[in-house]
Amino acid sequence: MTLPLRPDLAGLEPYGAPQLDVPYLLNVNENPYAPPPEVVDAVTEAVRAATGGLNRYPDRDFLPLRADLAAYLGSESAAVGLDADHLWAANGSNEVMLHVLQAFGGPGRVAMSFAPTYSMYPEYARDTFTQWHVAPRASDFSVDPDAAVAEIQRVRPAVVLVASPNNPTGTALPLETTRRLAEATRTSGPDGGASVLVIDEAYAEFRRAGTPSAVTLLAEHPHLAVARTMSKAFAYAGARVGYLAAAPTLVDALRVVRLPYHLSAVTQAVARAAVAHADLLQRQVTQIRQDRDACVAWLRERGFDTVDSDANFVLFGRLDDRHAVWKGLLDRGVLIRETGPQQYLRVSIGTPDEMTAFRDALTEVTGL
Ligand SMILES: *Cc1c(COP(=O)(O)O)cnc(C)c1O
């Protein structure tokens with residue numbers, strides 16, 4: 001018997017960064033520092049309170065959580081006038097961005113990005129029957145504003161997704177480039193209207209001093225959305241909470257396509273407890289940024305090719321046989337990620353002990 005699988009899904013593998021039981025997990029850009037005991041207590045208490053009401057469906061519109069997230073973004077960046085109506089959340093920012101494609105993509109429409117970039121974007125397009133288009137980044141992995149604007153005007157995408165800082169390169173967009181993209185996408189959409197421009201800031205909290213957030217441009221651009229997540233800086237990947245800030249009309253479109261009660265009462269409770277303890281959860285972000293910069297400097301001293309990173313990982317090369325290096329590290333208990341451009345590998349920034357293990361293993365494997 002054959003199942004009536006969609007022909008376009010035949011032979012496809014599910015997303016699968018390896019989940020292996022090894023001592024040093026430096027492959028999926030998690031925060032290596034577990035939530036501290038004060039936060040564990042607060043989250044446990046919040047779950048206990050929510051559990052008493054689990055016979056009821058959760059609050060569909062979760063305005064209290066959205067208000068908390070608006071206040072957090074307002075305190076973290078120079079965002080002005082954000083309130084609950086400007087915020088949206090789901091089970092990870094992957095689901096948030098799927099909502100964007102469900103609302104604004106679809107058959108006959110195009111979504112685009114600039115490669116190398118996040119491997120999940122084409123999957124949102126596939127899952128919503130949206131055509132996927134990629135334009136190249138420059139050789140230093142930046143987005144060339146003139147080339148990007150010309151390509152956007154040619155392709156007329158419904159949605160443009162740009163990660164900043166970008167995964168897997170760590171490259172952030174200068175505010176001037178984001179501004180150019182936001183101006184161009186005002187009139188580049190499929191029907192002569194706007195394209196939705198999503199700036200995916202999953203790694204925003206790790207950016208170097210002086211690197212801006214696109215959140216500051218929201219007030220001027222009703223077609224701009226900034227996606228964030230609790231999975232990285234918040235040390236909360238297991239909780240599955242991502243969110244997005246945009247104009248209320250854009251957020252209202254996402255409310256149409258979400259499944260009923262998509263954010264459980266438990267998730268809402270643990271997310272609110274986390275936002276209330278944002279400082280404690282992000283206590284080690286400064287340390288991670290320093291260890292990231294030290295990792296870049298160390299790799300350069302050894303003659304590896306790296307670009308500056310505004311995220312909690314570093315892409316490095318060039319390796320004649322990157323798979324052999326990846327495997328050599330794994331044999332020494334260090335799991336990193338074989339992703340991005342050929343000849344490059346990506347390492348997430350762990351604790352100082354984990355980074356020592358990485359450096360020792362890489363030295364042994366490459367002899368450099
Ligand atoms: C990790 C990551 C995300 C976040 O995914 P979640 O679903 O929120 O865990 C989003 N975008 C990029 C580019 C990422 O690397």
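Indexing begins at 1, ligand by ligand and atom by atom, following the structure's order. What you see is a predicted model, and the numbers here were worked out from it, not measured in a lab.
Near Arg240, with a cut-off below 4.0 Å to any heavy atom, the atoms of ligand 1 are 6 (P), 7 (O), 9 (O). Near Ser231, the atoms of ligand 1 lying under 4.0 angstrom from a non-hydrogen atom of the residue are 6 (P), 8 (O), 9 (O). Atoms of ligand 1 lying under 4.0 Å from at least one heavy atom of Ala202, given by number and element, are 2 (C), 3 (C), 10 (C), 11 (N), 12 (C), 14 (C). Of all atoms in ligand 1, numbered sequentially from 1 with element shown, those under 4.0 Å from a heavy atom of Gly92 are 6 (P), 7 (O), 8 (O). In the vicinity of Asp200, heavy-atom distances shorter than 4.0 Å reach the ligand 1 atoms 10 (C), 11 (N), 12 (C), 13 (C).
Under the 4.0 angstrom criterion for non-hydrogen atoms, Met120 is not in contact with ligand 1. Ligand 1 lies nowhere less than 4.0 angstrom from a heavy atom belonging to Asn29.
Asn55 CG: more than 12 foreign heavy atoms inside a 6.0 Å radius.
When each of Thr117, Asp308, Val307 is tested with Phe141 by the rule side chain to side chain contact (heavy atoms under 4.5 Å, CB included), just one qualifies, namely Val307. Checking Phe358, Tyr344, Phe206, Tyr203 one by one against Phe313, the ring pair (Phe, Tyr, Trp, His ring centres under 6.0 Å) holds for a single residue, Tyr203.
Of the candidates Ala90, Ala239, Ser93, it is Ser93 that places a heavy atom closest to atom 6 (P) of ligand 1. Of the options Thr229, Asn94, Val28, the smallest heavy-atom separation from atom 5 (O) of ligand 1 is shown by Asn94.
Residues satisfying the ring pair (Phe, Tyr, Trp, His ring centres under 6.0 Å) test with His223, not counting sequence neighbours, are His221.
A salt bridge is absent between Arg180 and Asp144; no separation between the charged side-chain nitrogens and carboxylate oxygens falls under 4.0 Å. A salt bridge does not link Glu30 with Lys232: none of the charged nitrogens is closer than 4.0 Å to a carboxylate oxygen. Salt bridge absent: Lys327 and Asp321 never bring a charged side-chain N and a carboxylate O closer than 4.0 Å.
Close N/O approach between Asn91 and ligand 1 is not found [any backbone or side-chain N/O within under 3.5 Å].
Between the side chains of Arg179 and Thr216, no donor-acceptor pair is found at a separation under 3.5 Å.
From the protein, the heavy atom lying nearest to atom 1 (C) of ligand 1 is Lys232 NZ, 1.3 Å. Here the heavy atom of the protein found nearest to atom 15 (O) of ligand 1 is Tyr203 OH, 2.6 Å.
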